[in-house]
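Beneath this line is the structure, given in structure tokens, with notes to follow.
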Amino acid sequence: MVVTRFAPSPTGYLHIGGLRTALFSWLWAKKNGGTFLLRIEDTDLSRNSDDAMRAILNAFEWVGLSYDGDAFYQSKRFELYKSYIDRLLSEGKAYRCYMSKEELDELREEQMARKERPRYDGRYRDFKGTPPEGVEPVIRIKAPLDGEIRFVDGVKGEIVIASSEVDDFVIARSGGVPTYNFVVAIDDALMGITDVIRGDDHLYNTPKQIVIYNALGFELPRFSHVAMINNEEGKKLSKRDGATDVMEYKTNGFLPEALLNFLVRLGWSNGDQEIFSVEEMISLFDPKNINKSASSYNLDKLLWLNAHYIKNSSDEKLIELLKDFEIDLSADEKSSDILKATKERAKTLIELASQINLILQAPTSYNQKVIKKAFGGEAKEILSRFNVTLQAQKPENIEQFHELLQDFVAQNNIGFGKIGQPLRVALLGDMAGAGLDEIMYILGVDEVTKRIQSAINFIESL
RNA sequence: GGCCCCAUCGUCUAGCGGUAAGGAUCCCAGGUUUUCAUCCUGGUUACAGGAGUUCGAAUCUCCUUGGGGUCACCA
């Protein structure tokens with residue numbers, strides 16, 4: 001049985017680093033037919049966990065992740081934590097520390113002055129006397145005084161840390177509210193988590209949590225610490241380069257399968273394979289193949305994946321997705337032709353939408369840079385002649401448009417560029433884009449004629 | 001600074017003592033395409049440095065260097 005969890009603190013939104021660890025945990029649970037739980041780490045009561053919850057749920061829903069059962073809120077489990085603190089206290093494994101904040105600060109300053117690592121000196125560890133007046137005590141755990149704390153990390157291998165590095169840390173604040181490392185250990189144990197997959201930044205918390213596990217006789221889960229995602233410069237990811245709300249990827253025209261595929265390959269691999277469907281990820285994922293080193297966020301690769309998934313999406317799906325980008329082709333009988341002509345030219349849904357608009361909306365201006373080349377020389381005469389032919393023949397399908405174009409070139413004894421370039425600019429306003437026959441078919445004879453006429457008028461006005 | 005982690009093309013990575021160090025992305029060139037894109041073909045670019053161990057090291061050990069994480073009554 002595998003039970004994994006995702007345990008975000010409510011900081012507002014879910015970013016890709018969080019989504020990746022959530023994905024890894026989710027995949028591992030799914031692969032093993034296990035359970036994936038969600039726990040909100042909201043012991044800091046000043047943060048609004050409702051908003052965070054909604055943001056996470058939105059993101060989960062968009063990418064298709066879901067958790068089992070109800071979400072756990074640590075803020076609702078204080079009674080439970082208190083019972084374990086009491087137990088530790090009565091068993092003599094934890095103790096009240098009456099040191100004031102001022103005293104603690106003083107101690108730290110002295111230690112720093114001596115170039116020592118600031119750490120609690122254990123002065124109340126075996127305190128038997130009368131506690132000082134007016135100090136609301138914190139509860140500290142009795143950490144081992146010597147030896148070392150070791151565990152086998154699922155990705156890093158054996159980790160050894162000297163016990164002297166772990167001091168008698170606070171497990172309950174003076175108000176009685178338990179601290180992070182304590183509740184994480186309690187919850188992971190009580191929730192039956194078998195695999196803790198989390199960011200590298202938690203590596204140093206692990207020995208502390210192990211102290212709790214040991215004090216309470218809980219069995220250790222497997223820990224897998226995933227290295228961080230850096231930005232393209234190899235520095236810490238910031239909002240500017242990817243650490244944005246996952247939902248912004250949706251707004252920016254990314255498909256969830258592209259984002260998931262991108263993330264799963266960041267730090268994890270299965271040989272040379274690059275493209276993974278969610279089903280494949282589930283069947284192939286194993287934390288033991290997670291890379292030890294940090295990886296860098298690479299937008300080019302994400303865009304490439306996104307383009308791949310756009311190209312391979314069904315028309316129905318794209319039509320649905322495009323609705324968020326102000327394009328509704330659901331009632332357009334030529335929708336499939338429109339998508340065929342555009343989807344290979346788009347890296348994002350935004351680009352796809354603009355490609356479509358480029359065809360569907362008559363140009364309001366012509367690209368300055370190509371006017372001279374496309375509209376110079378005999379362009380005007382050729383376009384007029386083409387319009388006449390068009391009206392005479394009135395092609396009705398792509399093949400007919402194609403033939404008409406070919407015949408026109410042959411009969412007028414001109415190179416294709418002579419008609420192709422001005423026609424393209426007349427229709428789209430620019431030199432690049434879908435095939436002319438496709439565009440003309442999509443627009444229909446009359447619209448094509450209209451756009452050509454506009455172009456002719458424009459040329460005359462030059 | 002102490003402690004811990006990490007180190008293969010610019011980037012994502014394969015490699016797990018014997019390989020011409022492979023793939024993907026990016027970039028470049030060619031082909032297909034009436035343009036652009038797609039697609040296809042080809043190309044440039046990497047084992048951070050130094051000592052060991054070994055017949056043989058990208059792979060094992062150590063050191064150096066360089067990155068990162070962490071040192072709270074935050075999570």
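Numbers restart at 1 for each chain; the letters A, B, ... are given by sequence-line order, proteins then strands. Please read all numbers here as calculations on a predicted model, not as lab measurements.
- In terms of phosphate contacts, A/Ser296 brings a side-chain nitrogen or oxygen within less than 4.0 Å of OP1 or OP2 of B/rC12.
- A/Arg198 and A/Thr206 share a side-chain donor-acceptor pair at under 3.5 Å.
- Residue-level contact check: A/Gly435 touches the bases, meaning some heavy atom is under 4.0 Å from a base atom.
- For A/Asp42 against B/rA75, no side-chain N or O and base N or O form a donor-acceptor pair under 3.5 Å.
- Separating the P atom of B/rA46 from that of B/rG23 is a span of 14 Å, rounded to the nearest Å.
- B/rC26 and B/rC12: their P atoms are spaced 15 Å apart (whole Å).
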Next on the checklist: One character per nucleotide, please: for nucleotides 3-10 of chain B, 5' to 3', B when the base has a protein heavy atom closer than 4.0 Å, S when only the sugar-phosphate does, - otherwise.
Outcome noted: SSSSS---
Please table the atom pairs, donor to acceptor, closer than 3.5 Å between any side-chain atom in residues 352-359 of chain A and protein atoms at least two apart or in another chain.
from: A/Ser354; atom 1: OG; to: A/Glu351; atom 2: O; distance (Å): 3.1
from: A/Asn357; atom 1: OD1; to: A/Gln361; atom 2: NE2; distance (Å): 3.3
from: A/Asn357; atom 1: ND2; to: A/Ala353; atom 2: O; distance (Å): 3.4

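- Partners of A/Tyr180 under the side chain to side chain donor-acceptor pair (under 3.5 Å) rule, at least two apart in sequence or in another chain, are A/His202.
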Which pairs, protein N/O on one side and nucleotides 39-47 of chain B N/O on the other, fall under 3.5 Å?
from: B/rC39; atom 1: OP1; to: A/Lys311; atom 2: NZ; distance (Å): 3.0

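- With sequence neighbours excluded, the residues forming a side-chain contact (heavy atoms from CB on, under 4.5 Å) with A/Asn312 are A/His308, listed by chain and number.
- Between A/Leu405 and A/Asp201, the one whose closest nucleotide on RNA chain B sits nearer the 5' end is A/Leu405.
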Polar atom pairs between nucleotides 17-22 of chain B and protein, under 3.5 Å, N or O only, would you list them?
from: B/rG22; atom 1: N2; to: A/Asp272; atom 2: OD1; distance (Å): 2.7

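- Between the side chain of A/Ser174 and the base of B/rC73, a donor-acceptor pair under 3.5 Å is found.
- Against RNA chain B, the stretch residues 344-357 of chain A makes heavy-atom approaches under 4.0 Å through A/Glu344, A/Arg345.
- Applying the side chain to side chain donor-acceptor pair (under 3.5 Å) criterion to A/Glu116, with sequence neighbours excluded, gives A/Arg114.
- Nucleotides B/rU64 and B/rG22 have their C1' atoms positioned 31 Å apart, rounded to a whole Å.
- Of the residues in residues 138-148 of chain A, those lying under 4.0 Å from RNA chain B by heavy-atom distance are A/Val138, A/Arg140.
- Every residue two or more places apart in sequence or in another chain that forms a ring-ring contact (aromatic ring centres under 6.0 Å, His included) with A/Phe408 is listed here: A/Phe386.
- Applying the salt bridge (Lys or Arg N to Asp or Glu O under 4.0 Å) test to A/Lys347 and every residue at least two apart in sequence or in another chain returns nothing.
- Distance check on atom P: B/rU45 versus B/rG10 gives 11 Å, rounded to whole Å.
- Checking the phosphate oxygens (OP1, OP2) of B/rC73, a side-chain nitrogen or oxygen of A/Arg108 falls inside 4.0 Å.
- For A/Tyr124 and A/Tyr95, the distance between ring centers is not under 6.0 angstrom.
- Between A/Ser269 and the phosphate of B/rA14, there is a side-chain N or O to OP1/OP2 separation shorter than 4.0 Å.
- Ring-centre distance between A/Tyr120 and A/Phe169: not below the 6.0 Å cut-off.
- Taking the nucleotide of RNA chain B with the nearest heavy atom to each of A/Met99 and A/Gln406, the more 5' of the two is matched to A/Gln406.
- Comparing the P positions of B/rU8 and B/rU35 gives an interatomic distance of 42 Å, to the nearest angstrom.
- Checked against the 6.0 Å centroid criterion, the rings of A/Phe6 and A/Tyr67 do not qualify as a close aromatic pair.
- Put simply, the side chain of A/Gln273 and the base of B/rG23 share no donor and acceptor less than 3.5 Å apart.
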Under 3.5 Å, side-chain donor or acceptor atoms of residues 372-381 of chain A against the rest of the protein: list the pairs with distances, not counting sequence neighbours.
from: A/Lys380; atom 1: NZ; to: A/Glu460; atom 2: OE2; distance (Å): 3.3

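- B/rC26 makes up no base pair with any nucleotide shown, lacking Watson-Crick or G-U wobble contacts both under 3.5 Å.
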